[in-house]
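Structure first, commentary second.
One-based numbering along the sequence shown.
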Amino acid sequence: MTVTIVEAARGVTGGVDTHLDVHVAAALDPLGGLLGSRSFETSPAGFSELLGWLESFGAVSRVGVEGTGAYGAGLARFLRRAGVEVLEVDRPNRAVRRRGGKSDPLDAIEAARAVLSGRAQGQAKTRDGAVEAIRVLLVAKRSARQARGKAIMQMRHLGFTAPDQLRCQLKGLSVSALVTEGTKLGPGPACDPVTAATRASLCSLAERARTLESEIAVLDDQIGPLVSATAPELLGLFGVGPDTDGGHEKVPMGGHEKSPRTAIRSPQVWPPNSPL
């Protein structure tokens, strides 16, 4: 009696150590043997060359990529669109790095071995779709909001130490009233140097805060429809708007449209006397 064991081909496993300008790739056979390692430019042409190089060893089953949310984002998108399964790989094992020293080819080989052994099972970040669009818009909005808050806080502090007449003029004003009043200030007639400089500084900061308010409003107009399309059921909850929804509330993490993992945090609540 003859018994024939047929084992499905597992194909080539790739690993990539990602950087800003150059990615280093390694290819392993189904038994973990090294087939080769090579560097490629971080451009569409370089991505195509990397995939072609991996395919020269056989059918590519999976590729482990470091930093799919950072330097590896472009490569991960390219491979996924080409039909290759991409897995997120954490930084190399510290013990392995300590024994061999820092080496990009060794890091790429370790990434491939993490995939082949099953240690790397995380879904790669997609960095596309509505979730990614919300993320990049929130980057701009958060920086604008922080800059606006800083400008208003600086206006408050200048008002505390301003000459008496100017200090009394600004004392007790709300944020909107402070910005409005600040835009009306200028050097003024026959001002002493300190008063003139303080008025000019307050006017500059007020104009900056108003410009940032307009910028934030424009970004909100772009974020709102994206959040409504991505998580419409959350917008009906009390205390949840496009900003908390897009930034914190149950929007899939890392661009995983179908990921069960979500970022769940309480909406930000500012105290009544907050300068923001």
Residue from His157, Met155, Lys150 passing side chain to side chain contact (heavy atoms under 4.5 Å, CB included) with Met153
His157

Checking Val65, Asp107, Thr68 against Thr18 for side chain to side chain contact (heavy atoms under 4.5 Å, CB included), the one that qualifies is Val65

Quick one: name the residues clustered hydrophobically with Leu20, using the 4.5 Å side-chain heavy-atom rule over I, L, V, M, F, W, Y, and just say none if it's on its own.
Tyr71

Under the salt bridge (Lys or Arg N to Asp or Glu O under 4.0 Å) rule, what pairs show up with a residue in residues 36-53, not counting sequence neighbours?
Arg38-Glu49

Does the Ser143 side chain pair with the main chain of Ala140, one donor and one acceptor, at a distance under 3.5 Å?
yes

Separation of Arg119 CZ from Asp90 CG (nearest 0.5 Å)
9.5 Å

Before you tell me yes or no, could you show the steps for Leu185 and Gln169 under side-chain contact (heavy atoms from CB on, under 4.5 Å), namely the whole-Å CA-CA distance, both residues' side-chain angles and the distance that decides it to 0.1 Å?
CA-CA 11 Å; Leu185 296 175; Gln169 182 180 347; 3.8 Å; yes

Does any donor atom in the side chain of Asp104 or His19 lie under 3.5 Å from an acceptor atom in the other side chain?
yes

Any salt bridge (Lys or Arg N to Asp or Glu O under 4.0 Å) involving residues 18-27? Give me the pairs, sequence neighbours left out, ordered by first then second residue.
none

Could you label the plane-to-plane angle of the Phe47 and Phe78 rings as parallel, tilted or perpendicular, counting under 30° as parallel and over 60° as perpendicular?
tilted

Does Ala206 offer a backbone N or O that forms a donor-acceptor pair with the side chain of Thr183 under 3.5 Å?
no

Is there side-chain contact between Asp192 and Thr195, with at least one heavy-atom pair below 4.5 Å?
yes

Using modelled atom types and a 3.5 Å cut-off, is there a donor and acceptor pairing between side-chain atoms of Ser48 and backbone atoms of Pro44?
no

With distance as the sole test, does Ser56 use its side chain to make a donor-acceptor pair with the main-chain N or O of Trp53 at under 3.5 Å?
yes

Side chains of Leu212 and Arg145: does their closest heavy-atom pair fall under 4.5 Å?
no

